[in-house]
Amino acid sequence: MKSAALQSSVINDLVLLSCVGLRPVLVHGGGPEINSWLLRLGHEPQFHNGLRVTDALTMEVVEMVLVGKDARLLTARPTPDAAALGFVGEVARVDPGILRPILADGHIPVIASVAADENGQSYNVNADTAAGEIAAAMGAEKLILLTDVAGILEDRNDPDSLVKEIDISGIRKMVMEKKVAGGMIPKVNCCVRSLAQGVRTASIIDGRVPHSLLLEILTDEGAGTMITG
């Protein structure tokens with residue numbers, strides 16, 4: 001989404017999918033913009049196990065970049081690793097009733113991954129995690145994570161070793177063998193969680209490829225890695 005042309009292409013593809021009768025829901029983060037603002041403020045972005053360490057200043061910047069927290073769609077709770085991560089939240093609850101009328105009216109919901117807890121404290125929620133929990137709560141057919149890599153690689157140093165399709169036990173084995181690491185860990189975890197909650201398939205696809213969304217949904221070839229339940 002750093003490229004204006006690709007950004008426009010993704011939006012056009014979402015509209016096309018909506019026009020042919022699918023009901024997409026778009027969930028976004030804002031990593032590059034958050035990093036850019038933090039650096040302008042002289043604050044070095046920090047990550048821990050692929051998740052952004054979020055102190056009070058970082059939380060302010062996250063909210064400024066993403067806005068969010070609309071209508072209590074998401075209710076957050078602190079992550080168990082709060083001592084290391086700060087104001088990083090998990091999704092405690094999703095209220096799908098907020099999205100259903102929007103979808104029924106033919107609109108595409110666009111959701112930022114900021115949420116408050118029961119007391120109104122804001123939390124930075126990983127956008128992939130938020131998307132997975134929303135997919136599960138909505139009873140979605142498919143979860144798709146657009147990223148800037150080809151998908152899951154059998155060998156991280158070999159771009160030609162793309163894993164096209166894998167099941168939950170296979171992906172857990174890859175995590176144990178440390179073949180999946182860094183920012184890919186929360187992506188894989190949220191795919192597994194959404195599948196366990198009834199989503200049919202979860203895909204991690206290469207958003208740099210033009211029309212990767214259409215390729216993933218409308219062709220047998222796909223555009224990355226599909227994880228099945």
Side-chain angles (χ1 to χ4, degrees), residues 1-8 10-11 25-94 109-135 143-153 156-157 175 178 180-191 193 204-208:
M1 298 305 270
K2 293 174 192 171
S3 150
L6 275 175
Q7 208 174 73
S8 171
V10 167
I11 299 306
V25 176
L26 177 63
V27 182
H28 68 90
E33 289 82 1
I34 293 166
N35 288 348
S36 165
W37 276 101
L38 285 171
L39 290 168
R40 282 189 211 182
L41 296 168
H43 201 70
E44 188 69 32
Q46 303 284 329
F47 291 84
H48 177 73
N49 290 337
L51 295 172
R52 182 184 299 279
V53 175
T54 307
D55 57 13
L57 172 67
T58 304
M59 190 64 239
E60 278 191 58
V61 171
V62 168
E63 283 207 78
M64 183 185 76
V65 170
L66 295 181
V67 198
K69 298 193 296 190
D70 292 345
R72 289 258 174 173
L73 168 66
L74 302 175
T75 303
R77 61 171 172 253
T79 170
D81 209 358
L85 288 167
F87 294 107
V88 172
E90 293 183 340
V91 177
R93 192 167 64 251
V94 178
V110 179
I111 299 161
S113 55
V114 174
D117 65 11
E118 300 286 2
N119 303 314
Q121 169 62 52
S122 296
Y123 286 90
N124 175 23
V125 178
N126 177 276
D128 299 317
T129 305
E133 295 300 320
I134 291 167
L143 168 69
I144 300 175
L145 306 181
L146 277 103
T147 183
D148 58 358
V149 294
I152 295 170
L153 304 176
R156 273 179 299 171
N157 301 313
V175 172
K178 303 269 194 293
V180 173
M184 193 56 84
I185 292 172
K187 291 182 193 299
V188 165
N189 285 345
C190 88
C191 286
R193 268 187 63 83
I204 298 171
I205 70 171
D206 192 343
R208 301 166 303 177

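What you see is a predicted model, and the numbers here were worked out from it, not measured in a lab.
- The CG atom of Leu66 lies 11.0 Å from the OG atom of Ser122; values are rounded to the nearest 0.5 Å.
- Here the closest heavy-atom approach between residue Thr147 and residue Ile204 is recorded as CG2-CG2, 3.7 Å.
- Taking 4.5 Å as the limit, every side-chain heavy atom of Ile185 sits out of range of all side-chain heavy atoms of Val188.
- The two residues Asn49 and Pro186 come nearest to each other via the heavy atoms O-CD, 4.0 Å.
- Atom CG of residue Leu146 and atom CZ of residue Arg208 lie 11.5 Å apart, to the nearest 0.5 angstrom.
- Ser3 contributes a side-chain N or O that, together with a main-chain N or O of Leu6, makes up a donor-acceptor pair within less than 3.5 Å.
- The closest side-chain heavy-atom distance from Ile134 to Leu74 is below 4.5 Å.
- Residue Ile152 holds its CD1 atom at 12.5 Å from CD1 of Ile205, rounded to the nearest 0.5 Å.
- How far CG of Asn124 is from CD of Glu60: 13.5 Å, rounded to the nearest 0.5 Å.
- Once rounded to the nearest 0.5 Å, the distance linking CE of Met59 with CD1 of Ile34 reads 8.5 Å.
- Leu26 contributes atom CG, which lies 5.5 Å from atom CD1 of Ile11 (distance to the nearest 0.5 angstrom).
- Considering every non-hydrogen atom in both Glu90 and Pro80, the closest pair reads OE2-CD, 3.0 Å.
- There is a side-chain donor-acceptor pair under 3.5 Å between Asn35 and Arg52.
- Looking only at side-chain heavy atoms (C-beta outward), Tyr123 and Val114 stay at 4.5 Å or farther from each other.
- Applying the salt bridge (charged side-chain N to carboxylate O under 4.0 Å, His left out) test to pairs two or more places apart or on separate chains, those with a residue in residues 113-129 are Arg72-Glu118, Arg93-Glu118, Asp128-Lys187.
- Within the 4.5 Å cutoff, side-chain heavy atoms of Leu73 are placed close to those of Ile111.
- Looking at every heavy atom in both residues, His28 comes nearest to Ala127 through C-CB, 3.7 Å.
- Contact annotation: the side chain of Thr58 never approaches that of Val53 to less than 4.5 Å [non-hydrogen atoms, C-beta and beyond].
- Looking at every heavy atom in both residues, Leu145 comes nearest to Cys191 through CD1-SG, 3.8 Å.
- At a threshold of 4.5 Å between non-hydrogen side-chain atoms, the residues Leu85 and Thr54 do not count as touching.
- Across Pro45 and Leu39, no two heavy atoms sit closer than the pair CD-CD2, 3.7 Å.
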